[in-house]
Amino acid sequence: MSVLEQNFPVVQKKLSVDLKCHLAYSYKIGLCDLSWGDCFVSVVVIATQIGTMGTILHARKDADISVHPTFSVSVIFGKRDEPMLVACARQLIEHISSSGTSQPLVLSLGLKDHSAETLKGIVSAVTENRLW
């Protein structure tokens, strides 16, 4: 362990999951919860079949103005014409906020297969292994 790692003030919790949705496709999911002191920075989820970051999305719960919460999802980098990726981010931020935390989500999806089955598998893996 280097000196930088010993003194690095951001606390991290990490998990890596290998999933196989289809016989032809397998993917890895990395979950990382970052906190700085007593402040949680964000939940970072990386799911990749291609070994790269792919499309990066940011999702957050908007300020509670009404009884029903609203959520914002935006594509930071990558494919902007894939509504299934946005839907995946929205489902994840809804699960995160329903657990009582207000952490935003940074989601990276480097996928060959954008099917509903694959994205449901990602949502299931993340919600079952919640680190936030």
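Only heavy atoms go into these numbers, but all of them, side chains included; no hydrogens, no water, no symmetry mates.
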To the nearest 0.5 angstrom, please state how far the [atom1] atom of [X] sits from the [atom2] atom of [Y].
X      : Y      : atom1 : atom2 : result
Arg90  : Leu85  : CZ    : CG    : 15.5 Å
Lys120 : Ser115 : NZ    : OG    : 9.5 Å
Gln91  : Leu119 : CD    : CG    : 8.5 Å
Lys61  : Ser72  : NZ    : OG    : 12.0 Å

Please check: side-chain N/O of [X] versus main-chain N/O of [Y], any donor-acceptor pairing under 3.5 Å?
X      : Y      : result
Glu82  : His114 : no
Ser108 : Met53  : yes
Thr55  : Lys79  : yes

(message) Are the side chains of Gln49 and Asp113 in contact, using a 4.5 Å heavy-atom criterion?
(response)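 In contact.
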(request) Check whether any side-chain heavy atom of Ile122 sits under 4.5 Å from a side-chain heavy atom of Leu111, and report yes or no. (result)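 A side-chain contact under 4.5 Å exists here.
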(message) Evaluate Leu57 against Ile76 for side-chain contact (heavy atoms from CB on, under 4.5 Å), listing each step before the verdict.
(response) CA-CA 5 Å; Leu57 301 105; Ile76 297 172; over 6 Å; no
(request) Determine whether Leu109 and Ile50 fall in the same hydrophobic cluster, where Ile, Leu, Val, Met, Phe, Trp and Tyr are linked whenever their side-chain heavy atoms lie under 4.5 Å apart. (result)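 In one cluster: no.
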(message) Exactly one of Thr118, Val45, Leu92 should register a side chain to side chain contact (heavy atoms under 4.5 Å, CB included) with Val123. Which one does?
(response)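 Single side chain to side chain contact (heavy atoms under 4.5 Å, CB included) partner of Val123 among Thr118, Val45, Leu92: Leu92.
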Identify the heavy atoms of [X] and [Y] that sit nearest to each other, and give their distance.
X     : Y      : value
Arg60 : Pro104 : CB-CB, 4.2 Å
Ala59 : Val73  : CB-CG2, 3.9 Å
Ile93 : Phe71  : CG2-CD2, 3.7 Å

(message) Please determine whether side-chain contact (heavy atoms from CB on, under 4.5 Å) holds for the pair Val43 and Val106, giving the CA-CA distance in whole Å, both sets of side-chain angles, and the decisive distance to 0.1 Å.
(response) CA-CA 6 Å; Val43 176; Val106 176; over 6 Å; no
(message) Working note: Ser98 + Glu94, criterion side-chain contact (heavy atoms from CB on, under 4.5 Å); need CA distance, chi angles, decisive distance, verdict.
(response) CA-CA 6 Å; Ser98 70; Glu94 286 179 6; over 6 Å; no
